Amino acid sequence: MSVSSPVVAIAGATGAVGAEVLSILEQRGFPVGKLVLLASSKSQGKPLSFRGETHVVQLLSAENLRGCDVVFMCCSTTLSRQLSPEAARAGALVIDNSSAFRYEADVPLVVPEVNGAHATSHRGIVANPNCSAAILTVVLAPLAHEAGLARVVVSTYQAVSGKGARAVDELEAQTRAWAEGKPEPHEVFGQPMAFNVLTGDWPIEENGYSNEENKMVVETRKILGLPALRMSATTARVPVIRCHSQSVNLQFERPLTVARAREILASAPGVEILDVPAQRTFPTPRGLAGTDPVFVGRLRDDPSEKNAMNLWLCGDQLRKGAALNAVQIAEMLR
Ligand SMILES: NC(=O)c1ccc[n+]([C@@H]2O[C@H](COP(=O)([O-])OP(=O)(O)OC[C@H]3O[C@@H](n4cnc5c(N)ncnc54)[C@H](OP(=O)(O)O)[C@@H]3O)[C@@H](O)[C@H]2O)c1
């Protein structure tokens, strides 16, 4: 892209990710020449504000994507499969938040702090990773560079906004209904999400893992460029509005002390250490929602294995796990 004031489209502008892209473009002063906001027929005509001006949402279609220089695809995998290739053929840079193209060999899957250089090899589409993989790899990459990564075991505690805007509304409605002793709505979750933890919130695949768990493994390997990395994941949805947490057990090929890991992470791009055991101050999703870095705490040596370590991390999955990462990619490719 070599346009100084590009025509920028957000496909899915009314959703959780699309709304965040809109606000990040404004916050970071992305040089938007013209803005095109697109969503379903339900949202057609809806006014959204950008830099103090009102923009009206139009219907998402191939025709309405024509003439766009940058397209932030913030809708379903099915819609992205239908629309992204055509938009790319018409000359747009498509940054896709869905999983439609992440596993294709000729589509770069990019976390700028980790493998930003890969983005330039795109052929019109750059894939933005799964939210949990993006957050995790920002922390893993600098440690892997120092000590070699042998194995990763991760458990997630994922916020409901990871499931879209309607999931947030439903958690709030369930919580209110529970407090008032009324029946709880459960159209989005299919069961109570309030005061609960759901590890069955994603389809389970043939290998017994959820599709979210499999995505985390495949994408972490691709982003880090470690196709043989030994890794397993357990994902769970928790009644948190936004910002995912992860408990991570790492094994390295070479010795790495906690003090050295702390030093490396303290200077790693996109990472902040929040680890004050004496005050029990550690990353919490509620406290860190809306922030950009991935926060790391609870760094501990794991005495049960050689060269092993435990840590806890929190990252806002709508920002670093989706919209911020997407805008960073667009900034890099300008
Ligand atoms: N949420 C996250 O934390 C996160 C993180 C990483 C990646 N992602 C991925 O990002 C994408 C968007 O997720 P989201 O959480 O933002 O979902 P969402 O809140 O449900 O938003 C979906 C967007 O797509 C639009 N849409 C739905 N059906 C449509 C149709 N038939 N035609 C045109 N537009 C349609 C919606 O418009 P209306 O409002 O008009 O229905 C809305 O703007 C998904 O692929 C998701 O997997 C999400």
Side-chain angles (χ1 to χ4, degrees), residues 9-24 36-48 55-65 71-84 87 94-103 109-111 125-137 156-171 187-189 201-203 210-212 215-216 219 223 235 237-238 240-246 285 289-290 294 314-329:
I10 305 179
T14 50
V17 175
E20 203 65 26
V21 168
L22 186 64
S23 78
I24 291 175
V36 180
L37 301 178
L38 304 165
S40 79
S41 54
K42 195 185 83 190
S43 306
Q44 238 181 316
K46 186 175 176 178
L48 293 177
H55 295 258
V56 174
V57 175
Q58 302 167 57
L59 185 65
L60 175 56
S61 67
E63 200 183 346
N64 282 335
L65 287 172
V71 176
F72 292 98
M73 230 6 123
C74 309
C75 50
S76 67
T77 295
T78 309
L79 278 170
S80 176
R81 277 207 186 103
Q82 284 168 16
L83 298 168
S84 296
V94 178
I95 302 172
D96 182 24
N97 281 285
S98 84
S99 58
F101 304 99
R102 288 178 191 156
Y103 314 116
L109 179 65
V110 175
V111 176
I125 302 176
V126 179
N128 213 33
N130 165 276
C131 44
S132 298
I135 290 164
L136 179 63
T137 52
T156 69
Y157 305 69
Q158 298 187 208
V160 294
S161 52
K163 198 169 177 156
R166 286 179 62 228
V168 176
D169 295 343
E170 185 161 296
L171 173 62
E187 282 166 27
V188 178
F189 289 103
D201 200 35
W202 299 267
S210 71
N211 69 350
E212 185 80 350
K215 280 180 195 175
M216 277 190 81
E219 295 185 28
I223 297 162
T235 57
R237 188 81 66 196
V238 295
V240 162
I241 299 285
R242 63 186 275 176
C243 191
H244 288 355
S245 306
Q246 298 179 8
V294 180
C314 286
D316 187 321
Q317 95 292 343
L318 285 174
R319 291 188 77 91
K320 188 58 201 166
L324 172 64
N325 200 71
V327 174
Q328 285 176 314
I329 292 170

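All values derive from a computational prediction rather than experimental measurement. Start at 1 with the first residue, then count along the sequence. Indexing begins at 1, ligand by ligand and atom by atom, following the structure's order.
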* To do: Say whether K163, considering both its backbone and side-chain N or O atoms, lies within less than 3.5 Å of an N or O atom on ligand 1.
  => no
* Any atoms of ligand 1 less than 4.0 Å from a non-hydrogen atom of C74? List them with their elements. => 11 (C), 12 (C), 23 (C), 24 (O)
* Give the residue, atom name and distance (to 0.1 Å) of the protein heavy atom nearest atom 9 (C) of ligand 1. => N97 O, 3.4 Å
* Do me a favour and list the nearest non-hydrogen protein atom to atom 48 (C) of ligand 1 with residue, atom name and distance? => V17 CG2, 3.4 Å
* Asked: Is atom 5 (C) of ligand 1 less than 4.0 angstrom from at least one protein heavy atom?
  -> yes
* Ignoring angles and geometry beyond distance, decide whether G321 reaches within less than 3.5 Å of ligand 1 through its nitrogen or oxygen atoms. => no
* Donor-acceptor pair, side chain of R237 and main chain of A159, under 3.5 angstrom -> yes
* Quick one: look up the protein heavy atom nearest atom 34 (N) of ligand 1 and list residue, atom name and how far away it is. => S40 N, 3.2 Å
* Would you confirm whether T156, through its side chain, and Q158, through its main-chain N or O, come within 3.5 Å as a donor-acceptor pair? => no
* If only atom types and distance count, is the side chain of E219 paired as donor or acceptor with the main-chain N or O of R102 below 3.5 Å? -> no
* To do: Would you kindly say whether S132 and Q317 are connected by a side-chain donor-acceptor distance under 3.5 Å?
  => no
* Spell out, as yes or no, whether a donor-acceptor pair under 3.5 Å connects the side chain of S161 to the backbone of I241. => yes
* To do: Would you mind listing which atoms of ligand 1 come within a distance below 4.0 Å of any non-hydrogen atom of S161?
  => 1 (N), 2 (C), 3 (O)
* Nearest protein heavy atom to atom 41 (O) of ligand 1: under 4.0 Å? -> yes
* Asked: Would you find a donor on one side and an acceptor on the other, under 3.5 Å apart, between the side chain of D96 and the backbone of R81?
  -> no
* To do: Just go through E212, Q317, R242 and tell me whose heavy atom is the nearest to atom 3 (O) of ligand 1.
  => Q317
* Asked: Against heavy atoms of L318, which atoms of ligand 1 measure under 4.0 Å?
  -> 1 (N), 2 (C), 3 (O)
* ligand 1-proximal atoms of S98, by part, heavy-atom distance under 4.0 Å -> both
* To do: From the options C75, A323, P129, S99, select the one whose nearest heavy atom is closest to atom 44 (C) of ligand 1.
  => C75
* Residue part near ligand 1, for A11, under 4.0 Å between non-hydrogen atoms -> neither
* To do: Could you tell me whether the side chains of T235 and S210 share a donor-acceptor contact shorter than 3.5 Å?
  => yes
* Side chain, backbone, both or neither: which part of L79 has a heavy atom under 4.0 Å from ligand 1? -> side chain
* Identified side chain to side chain contact (heavy atoms under 4.5 Å, CB included) counterpart of I24 within the set L318, N325, V327 -> V327
* Asked: Rounded to the nearest 0.5 Å, how far apart are CG of L48 and OG1 of T14?
  -> 7.5 Å
* Backbone N/O of G290 and side chain of D316: donor-acceptor pair under 3.5 Å -> yes
* May I ask you to check whether A16 has an N/O atom sitting below 3.5 Å from an N/O atom of ligand 1? => yes
* Options A165, S61, S41, ranked by nearest heavy atom to atom 19 (O) of ligand 1, top entry -> A165
* Sub-4.0 Å protein heavy atom next to atom 30 (C) of ligand 1 -> yes
* Asked: To which protein heavy atom is atom 15 (O) of ligand 1 closest, and what is the distance rounded to 0.1 Å?
  -> G164 CA, 3.2 Å
* To do: Taking N130 for its side chain and E212 for its backbone only, find out whether a donor-acceptor pair lies under 3.5 Å.
  => no
